[in-house]
Amino acid sequence: MSTPDRWAKAYARQANADFETWNALVPNRLIPECHKLLFLQMACEKLVKAHLCSKGTDPVNVQASHGFTAKNLPIIVREHLVSIGKKTNEIVWILKHAKHLASEIELLAPAVRRGGQRPDNCEYPWEDSGGTLRVPLDWAFRPTNLIVDAAGRTFIKVVRAAVTELLV
């Protein structure tokens with residue numbers, strides 16, 4: 001049976017591939033936002049699972065859920081910012097945005113619905129509370145707007161660096 005450290009490396013490798021795919025798709029205006037965000041969501045989820053496994057979490061405990069990103073991604077962001085010597089006020093500002101963005105990214109997974117309150121996801125059609133059938137191709141996702149501001153760009157850089165650190 002593989003060790004948590006080997007699982008961490010495996011998750012990190014896949015997170016890296018997902019992140020690189022997202023990065024390659026972003027400038028292409030012909031690719032729907034839902035498809036781009038799917039790769040970002042998967043990269044962040046696998047980064048979190050890699051991080052948890054690297055800290056000794058039993059891989060079995062992270063395999064059955066998509067609900068790890070909102071809680072754990074801000075921790076990863078904070079740890080990275082501290083490790084590179086960011087000032088406390090900068091960390092606080094970035095973390096405020098990172099928590100919100102991590103929560104929105106987690107909701108992109110269809111299995112995470114927040115008790116039925118947020119059925120929108122970047123993969124499957126859903127019916128809203130008014131009975132209207134929605135399609136991800138036509139939906140304006142919150143992370144799209146959040147990742148283009150200054151805090152969002154910093155968040156993406158930190159996610160990229162955190163994936164790279166886990167690959168070493």
Euclidean distance, [Y] [atom2] relative to [X] [atom1], rounded to 0.5 Å:
X    : Y    : atom1 : atom2 : answer
K157 : H80  : NZ    : NE2   : 11.0 Å
N72  : K55  : CG    : NZ    : 11.5 Å
I147 : L37  : CD1   : CG    : 6.0 Å
R153 : I94  : CZ    : CD1   : 11.5 Å
L95  : R78  : CG    : CZ    : 7.0 Å
I156 : L101 : CD1   : CG    : 6.5 Å

Closest approach of [X] and [Y], non-hydrogen atoms and distance?
X    : Y    : result
P74  : A102 : CD-CB, 3.8 Å
A70  : S103 : CB-CA, 3.8 Å
V163 : A12  : CG1-O, 3.9 Å
N23  : P27  : O-CD, 3.4 Å
H35  : I31  : CB-CG2, 4.0 Å
S54  : A8   : N-CB, 3.6 Å

Between [X] (side chain) and [Y] (backbone), is there a donor-acceptor pair under 3.5 Å?
X    : Y    : value
E123 : P110 : no
K49  : C44  : no
T57  : L52  : yes
K36  : N28  : yes
K9   : L166 : yes
Q41  : L108 : no
N121 : P119 : yes

Give the cluster check for [X] versus [Y]: same hydrophobic cluster or not, with ILVMFWY residues linked at side-chain heavy-atom distances below 4.5 Å.
X    : Y    : result
V82  : F155 : yes
Y124 : I105 : no
V135 : F141 : no
L81  : V92  : no
L133 : W139 : no

(message) Could you tell me if the side chain of Y11 sits less than 4.5 Å from the side chain of V48, heavy atoms only?
(response)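 Result no, sub-4.5 Å side-chain heavy-atom pair not found.
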(message) Counting only heavy atoms from other residues, nucleotides and ligands, does the tally under 6.0 Å from CH2 of W22 exceed 12?
(response) yes
(message) A quick test of your reading: do over 12 heavy atoms of other residues, nucleotides or ligands sit less than 6.0 Å from CZ of R13?
(response) no
(message) Students often mix this up, so state it plainly: with edges at 30° and 60°, are the rings of H97 and W93 parallel, tilted or perpendicular?
(response)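 Aromatic pair H97/W93 classed perpendicular.
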(message) Show, in sequence, the C-alpha distance, side-chain angles and deciding distance for L73 and K99, and conclude whether the side chain to side chain contact (heavy atoms under 4.5 Å, CB included) test is met.
(response) CA-CA 8 Å; L73 194 52; K99 288 176 182 177; over 6 Å; no
